[in-house]
2 protein chains.
Amino acid sequence: MSNLTTNFNNKTIKYKQLLSNFKSLLKKNSLKFTVQREVILKTLYNSDIHLTPESLHQLIQKKYPELKTGIATVYRTLSLLEESGIATSLSFGAQGKKYELGAKKHHDHLICTECGSITEFVDEEIEHRQQKITEELGFKMSDHSMQIYGICKKCQNK
Amino acid sequence: MSNLTTNFNNKTIKYKQLLSNFKSLLKKNSLKFTVQREVILKTLYNSDIHLTPESLHQLIQKKYPELKTGIATVYRTLSLLEESGIATSLSFGAQGKKYELGAKKHHDHLICTECGSITEFVDEEIEHRQQKITEELGFKMSDHSMQIYGICKKCQNK
DNA sequence: ATAGTTTTTGGATATAATTGCAAAAAATAT
DNA sequence: ATATTTTTTGCAATTATATCCAAAAACTAT
């Protein structure tokens, strides 16, 4: 499975800092810093909504048409970002996956199964428990992801 | 590919009970009870490992060749089972999805990124917090999923 | 049991995601 | 700077997953 090495953890971060983290991650794993990878990272950073690989690809094609970035590269880079903990993906069953930078600050997700909206939240207590549980089981945690599915307030009032 | 699963707190329900739940769910939603749906449920029930749609399909074809169950039906039924909370899927990035019956008792997952093994666990405190958080946010929770990624004990000692 | 209605099915088709490969770009060595 | 090595890229091919549709099966009402 994944064999990437990472060493920084995720806090709210300026793009410059993020980029520098990304670069050192690449170097550490003998990967190359390419203009496509940068553009993908930057576009994700500048988007405040969760993007699908497809929509991210379209955004990039429109903004940087001269690059002719292929969809395969978008998929590959998103996987890379996810494996290294820089981005996170949310599963939407039939509707595919959506990505976001996980670099802001760690948080979990409430997903409305009616309208697809995503609400983020952080709960220290849960984070704590997770740490404790993994320790008890002799597991060395590197990452986690949690989603709660249900119906949001708006959709309940319809 | 590794596959061992450890169950803690495994309150397995009887197949008869599960089947009856499934039937009433179908009726409630004006869906029909078909032999294909039963075979898929039963095969999932009888497997103690997490199955991909593809491997589930192969198992069924081998055991019930006269049914000529199509892969599309397997996918459709798995989605149905997941939506209704009877089964859960775990994402494995490039390696696709794996399904299990969620009917035993709710649990979360520790996934080893080294060997791919899955360990299940339940933590009441986390379950509690989840409930509380969703209530506070006016959300009506129907389901949730949590995965912790890291390195398992075995793989650490290599 | 039979006929009428509704839903599901398998197969084909369409879309999403991944992978192989030769050419191109990036890093390294000279 | 240029040549050599390593990795990435885009495209095409493949595999995974979802959807369309006509025929078949399940249910309902007689």
Side-chain angles (χ1 to χ4, degrees), chain A residues 1-5 19 22-41 43 50-58 60-61 64-84 87 89-99 116, chain B residues 1 19 22-41 43 50-61 64-84 87 89-99:
Chain A
M1 301 209 111
S2 168
N3 46 2
L4 283 178
T5 13
L19 184 61
F22 186 41
K23 281 184 179 171
S24 69
L25 171 97
L26 291 173
K27 182 150 281 179
K28 203 167 158 195
N29 294 288
S30 315
L31 300 174
K32 289 175 180 175
F33 179 70
T34 66
V35 54
Q36 288 85 349
R37 282 176 176 162
E38 175 170 15
V39 156
I40 290 167
L41 184 74
T43 308
H50 297 74
L51 296 171
T52 62
E54 192 54 60
S55 58
L56 178 54
H57 181 229
Q58 283 173 359
I60 289 172
Q61 285 203 318
Y64 312 90
E66 74 285 1
L67 282 185
K68 294 194 192 325
T69 311
I71 184 80
T73 300
V74 173
Y75 275 106
R76 280 184 290 230
T77 304
L78 284 174
S79 300
L80 170 64
L81 289 172
E82 182 162 31
E83 274 174 46
S84 63
S89 76
L90 298 173
S91 229
F92 272 79
Q95 288 113 117
K97 273 186 178 181
K98 290 186 183 176
Y99 285 80
Chain B
M1 162 76 83
L19 184 61
F22 186 41
K23 280 183 179 172
S24 67
L25 171 96
L26 291 173
K27 182 150 282 179
K28 205 167 152 193
N29 296 301
S30 316
L31 300 175
K32 290 174 179 177
F33 180 70
T34 65
V35 55
Q36 287 85 350
R37 281 176 177 163
E38 175 170 14
V39 156
I40 290 168
L41 183 73
T43 308
H50 296 75
L51 295 171
T52 62
E54 192 54 60
S55 58
L56 179 54
H57 181 229
Q58 283 173 0
L59 264 180
I60 289 172
Q61 285 203 316
Y64 312 90
E66 74 283 3
L67 281 186
K68 294 194 190 324
T69 311
I71 184 79
T73 300
V74 173
Y75 275 106
R76 278 185 292 231
T77 304
L78 284 174
S79 300
L80 170 63
L81 289 172
E82 182 162 31
E83 273 172 46
S84 62
S89 75
L90 298 173
S91 230
F92 271 79
Q95 287 110 121
K97 275 185 177 182
K98 290 186 183 176
Y99 285 80

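Proteins get letters first, then strands, A, B, ... in listed order; numbering begins at 1 in each. Only a predicted model underlies this, so the values are computations on that prediction, with no experimental measurement involved.
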Can Leu31(B) and Leu80(B) be said to form a side chain to side chain contact (heavy atoms under 4.5 Å, CB included), step by step? CA-CA 10 Å; Leu31(B) 300 175; Leu80(B) 170 63; 3.9 Å; yes
Please give, in whole Å, the distance from dT17(D) P to Glu54(A) CD? 18 Å
Footprint string (nucleotides 4-13 of chain C, 5' to 3'): B base within contact, S backbone only, - free, heavy atoms under 4.0 Å: --BSSBB---
Tell me: CZ of Phe33(B) to P of dT28(D), nearest whole Å? 14 Å
Expressed in angstrom and rounded to an integer, what is the separation of Lys97(B) atom NZ from dA17(C) atom P? 11 Å
Closest non-hydrogen atom pair, His57(A) against Val74(A): CD2-CG2, 3.8 Å
Which whole-number value in Å describes the distance from Lys27(B) NZ to dT28(D) C1'? 11 Å
Could you report the tightest heavy-atom contact between Lys32(B) and Leu26(B), atom names first, then the distance? O-CD1, 3.8 Å
Check the pair Leu81(B), Tyr99(B) against side chain to side chain contact (heavy atoms under 4.5 Å, CB included), reporting the backbone distance first and the verdict last. CA-CA 10 Å; Leu81(B) 289 172; Tyr99(B) 285 80; over 6 Å; no
Please report the C-alpha distance between Tyr64(A) and Val35(A) in whole Å, then the side-chain angles of each, then the deciding distance to 0.1 Å, and finally whether the side chain to side chain contact (heavy atoms under 4.5 Å, CB included) criterion is met. CA-CA 11 Å; Tyr64(A) 312 90; Val35(A) 54; over 6 Å; no
Taking every non-hydrogen atom, the tightest pair across Glu82(A) and Lys97(A): OE1-NZ, 4.2 Å
In whole angstrom, give the distance that lies between atom CD of Glu82(A) and atom C1' of dA17(C). 13 Å
Could you give the distance from CD1 (Ile60(B)) to OG1 (Thr43(B)), rounded to the nearest 0.5 Å? 4.0 Å
In whole angstrom, give the distance that lies between atom CG of Leu51(A) and atom P of dA16(C). 15 Å
Atom-pair distance (CG on Leu78(A); P on dA17(C)), nearest Å: 10 Å
Could you tell me how far apart Lys98(A) (NZ) and dA17(C) (C1') are, to the nearest whole angstrom? 18 Å
When rounded to the nearest 0.5 Å, the distance separating CZ of Arg76(A) from CD1 of Ile71(A) is 11.0 Å
Is the distance from OP1 or OP2 of dA18(D) to the nearest side-chain N or O of Tyr75(B) less than 4.0 Å? no
Which heavy atom in Thr73(A) sits nearest to a heavy atom in Ile40(A), and how many Å separate them? O-CD1, 4.0 Å
Measure the angle between the two terminal helix axes of the helix from dA1(C)-dT30(D) to dT30(C)-dA1(D), five base pairs each, and quote it to 10°. 40°
